[in-house]
There are 2 protein chains.
Amino acid sequence: MKATIRDVARLAGVSISTVSRVMNAPETVVASKRDRVLEAIQQLQYQPNAFARGLIYKKSFTLGLLIPDIENLYFAGIIRGMQDACIKLGYSLMICNTDRDKERLLSYMDTFREKQVDGIVFASDKLHPEYYEKLVGCRIPFVLLSSHSDEYEIPSIEVDDEVAAYDAVKFLIELGHREIGMIGFGHSDSMSGPPRYDGFVRAVTESGLGHNVIRVKYANHRFEDAYQAAHELFTDHPGLTAVFCVADEFAMGTISYLKDRNVLVPGQVSVIGFDNLRMASMFIPKLTTIAQPIYQLGYRAAEKLHELLSTGSVEVLREKMQHKLIVRESSREK
Amino acid sequence: MKATIRDVARLAGVSISTVSRVMNAPETVVASKRDRVLEAIQQLQYQPNAFARGLIYKKSFTLGLLIPDIENLYFAGIIRGMQDACIKLGYSLMICNTDRDKERLLSYMDTFREKQVDGIVFASDKLHPEYYEKLVGCRIPFVLLSSHSDEYEIPSIEVDDEVAAYDAVKFLIELGHREIGMIGFGHSDSMSGPPRYDGFVRAVTESGLGHNVIRVKYANHRFEDAYQAAHELFTDHPGLTAVFCVADEFAMGTISYLKDRNVLVPGQVSVIGFDNLRMASMFIPKLTTIAQPIYQLGYRAAEKLHELLSTGSVEVLREKMQHKLIVRESSREK
DNA sequence: GTGAAAGCGCTAACAT
DNA sequence: ATGTTAGCGCTTTCAC
């Protein structure tokens with residue numbers, strides 16, 4: 001059996017409260033006993049039982065993370081950031097990948113409740129009222145990551161999607177492109193879909209290129225879909241010289257399609273992505289893209305959640321982080 | 001406060017033991033009371049406290065997963081498989097990304113112990129004696145994934161790296177290539193490094209192409225390293241017409257390097273990868289590769305761990321899964 | 001079939 | 001400064 005506090009107490013010849021004290025308030029116990037206890041702990045390889053502690057503290061020192069797609073590099077970066085913050089703040093992390101499945105998401109929330117996670121980071125997905133109800137029903141504090149809520153007062157952290165998209169398209173325009181398409185997220189399930197589209201529209205109309213507003217196709221998060229969307233886009237609008245993709249995956253899918261059609265990127269068509277995934281600089285051609293501070297987003301989300309948990313509220317409710325244009329090889333002057 | 005079993009009992013007008021019974025052995029309580037209890041549970045949104053349960057069962061119904069690099073798509077696939085198996089088997093999953101940091105790995109093991117995970121899947125890293133000692137010291141059962149141990153009797157599951165590498169190189173040879181290089185994993189920290197090198201050597205010598213045996217450079221898991229390794233490889237051996245990369249990331253890094261040098265793939269040089277990551281079919285050119293059953297590997301690992309946990313042993317200790325050659329665009333006849 | 005009570009490992013309030 | 005004890009929420013004997 002694993003050693004318990006009682007075993008340690010016995011071996012050190014003290015009471016269990018003394019053992020407990022050396023763990024939680026070492027300065028309140030005399031050095032001689034403290035050392036004996038420490039010695040016993042060492043010897044027995046004793047580690048307190050998180051169940052027993054949790055029962056008392058009513059805290060698990062564990063944070064939950066809900067992501068829609070673990071195979072998307074974007075979330076890998078989020079995880080790394082959040083994990084580092086968790087280590088710093090003394091939390092464990094429970095990562096749940098919903099695969100964009102509603103039932104699974106709901107069931108993970110149950111798990112979180114049962115395991116008594118202290119708080120949840122809800123990433124990227126749209127916070128449907130049903131999710132919201134459940135979350136508040138569970139009374140687990142949560143923050144939104146790469147998402148936000150207009151209806152409810154929920155702490156969130158993300159990039160300014162509208163401005164970021166605007167910057168991307170503006171860049172294309174400044175390169176001299178006038179026939180610009182876009183491959184976006186469908187608006188129904190995505191929080192960043194609409195603002196990125198808005199940014200596209202603003203940039204394009206502002207420059208008198210409003211005819212591009214309808215040159216938009218939607219894809220479903222993965223490059224295979226983007227490949228298909230690119231096919232539709234170029235079938236409907238063969239004259240495009242540039243396309244704004246709302247995700248690097250989409251950019252890769254689009255370029256892949258173009259390549260299969262023997263269209264040169266950036267020779268004939270410029271493509272700009274979004275995210276700046278690790279793969280963006282490995283792809284051929286290397287992707288011009290709008291970088292999100294992915295790692296920092298994850299890190300900040302954990303910090304923000306911690307703030308919410310420890311103070312009961314949050315200094316800035318809807319927080320934005322900076323994006324940045326990164327010019328590589330997939331774009332060129334018209 | 002969250003509802004407890006006592007609240008449910010009170011509302012249903014029964015004792016707490018009855019409530020407990022409807023949850024764990026419903027057939028032992030009469031229908032009328034059972035319904036009242038169920039009703040109360042519903043109404044209070046009651047969910048048992050995992051801490052209290054854990055204290056009694058001495059089980060957390062949670063599995064731990066240790067991976068070296070969450071930003072490697074390989075592990076994303078592993079996670080998906082393992083997660084699905086966990087759902088089927090009734091476990092939660094605690095994923096810890098070590099970033100190949102020894103201290104971090106050790107500290108995660110402590111966390112696992114404290115949180116009383118029932119078992120651990122240790123993925124891909126070499127099981128150093130120090131890790132082994134710690135794991136057995138913690139008395140937490142574990143299985144090795146994409147790894148194995150020769151010294152210890154530890155359940156493991158992986159692909160046959162030697163044969164897989166052999167098949168890859170053999171394919172290159174059958175394509176007519178005679179000047180073949182390799183970009184491998186350094187042998188010190190990797191379990192699959194040596195056998196994949198052995199497979200390369202066997203294929204090459206068997207066909208009288210033993211002079212290639214020294215045409216090998218090593219890289220450190222990421223494509224940036226492979227890019228550099230490719231540079232060294234082609235600097236030392238400019239006549240190469242094919243290269244075997246022990247990871248798709250390496251293949252991408254190699255192709256990226258070649259592209260920067262205006263060397264055509266597969267026109268001038270054929271490249272074969274290993275893993276068949278999701279990105280392999282998105283890259284340009286699409287990667288010819290040795291596919292690992294990544295998802296199934298993760299799934300099987302969880303099943304195997306479950307087997308170990310529930311029966312105390314495992315039917316086949318060192319298990320192998322099938323790999324498969326997938327021919328796409330990065331290879332061509334010489 | 002059902003309830004009372006002990007106890008899982010720990011912390012904290014209370015005694016000493 | 002240290003020990004004794006109640007109790008966190010649950011399961012599981014043991015009576016009835």
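To find a chain, count down the sequence lines: A is the first, B the second, and so on, and within it residues start at 1. Because the structure is a prediction, the values reported are computed rather than measured.
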Can you tell if the side chain of B/T4 reaches within under 4.5 Å of the side chain of B/I16, non-hydrogen atoms only?
no
What is the distance, to the nearest angstrom, from the CD atom on B/Q116 to the C1' atom on D/dC10?
16 Å
In this structure, which one of A/R104, A/K115, A/K134 forms a salt bridge (Lys or Arg N to Asp or Glu O under 4.0 Å) with A/D110?
A/K134
5' to 3' on DNA chain C, which nucleotides open and close the contacts with chain A (atom under 4.0 Å from a heavy atom)?
C/dG9 to C/dA13
Does a salt bridge link A/R100 with A/D189, judged by any charged N lying under 4.0 Å from a carboxylate O?
no
Return the 5'-most residue of the pair B/K58, B/G13 with respect to DNA chain C, ranking by each residue's nearest nucleotide.
B/G13
Taking only residues two or more places apart in sequence, or in another chain, which ones meet B/D101 in a salt bridge (Lys or Arg N to Asp or Glu O under 4.0 Å)?
none
Other residues, nucleotides and ligands only: do more than 12 of their heavy atoms fall within 6.0 Å of CD on B/E133?
yes
Can you tell if the side chain of A/Y74 reaches within under 4.5 Å of the side chain of A/H221, non-hydrogen atoms only?
no
Does D/dG9 have OP1 or OP2 sitting under 4.0 Å from an N or O in the side chain of B/T4?
no
Using atom NZ of A/K59 as one end and atom P of D/dG9 as the other, report the distance to the nearest whole Å.
17 Å
Is any side-chain heavy atom of A/F142 closer than 4.5 Å to a side-chain heavy atom of A/L127?
yes
Can you tell me if A/K59 has over 12 outside heavy atoms packed within less than 6.0 Å of its NZ?
yes
With a 6.0 Å cut-off (strictly less than), is the heavy-atom count around NZ of A/K88, excluding the residue itself, greater than 12?
yes
Just by modelled atom types, is the A/A12 backbone N or O under 3.5 Å from a matching donor or acceptor in the A/R36 side chain?
yes
Are there over 12 heavy-atom neighbours, none belonging to B/E315, within less than 6.0 Å of that residue's CD?
no
Pair A/R300 + A/E303: basic N to acidic O under 4.0 Å
yes
How would you list, by chain and number, every residue that makes a salt bridge (Lys or Arg N to Asp or Glu O under 4.0 Å) with A/R21, sequence neighbours excluded?
none
Quick check on the helix from C/dG1-D/dC16 to C/dT16-D/dA1: what's the angle between its two end axes, five base pairs per end, to the nearest 10°?
50°
Whether each nucleotide of nucleotides 11-16 of chain D has a protein heavy atom under 4.0 Å at its base (B), only at its sugar-phosphate (S) or at neither (-) is summarised, 5' to 3', as BBB---
Tell me, which of residues 28-44 of chain B have any heavy atom that sits under 4.0 Å from an atom in DNA chain D?
none
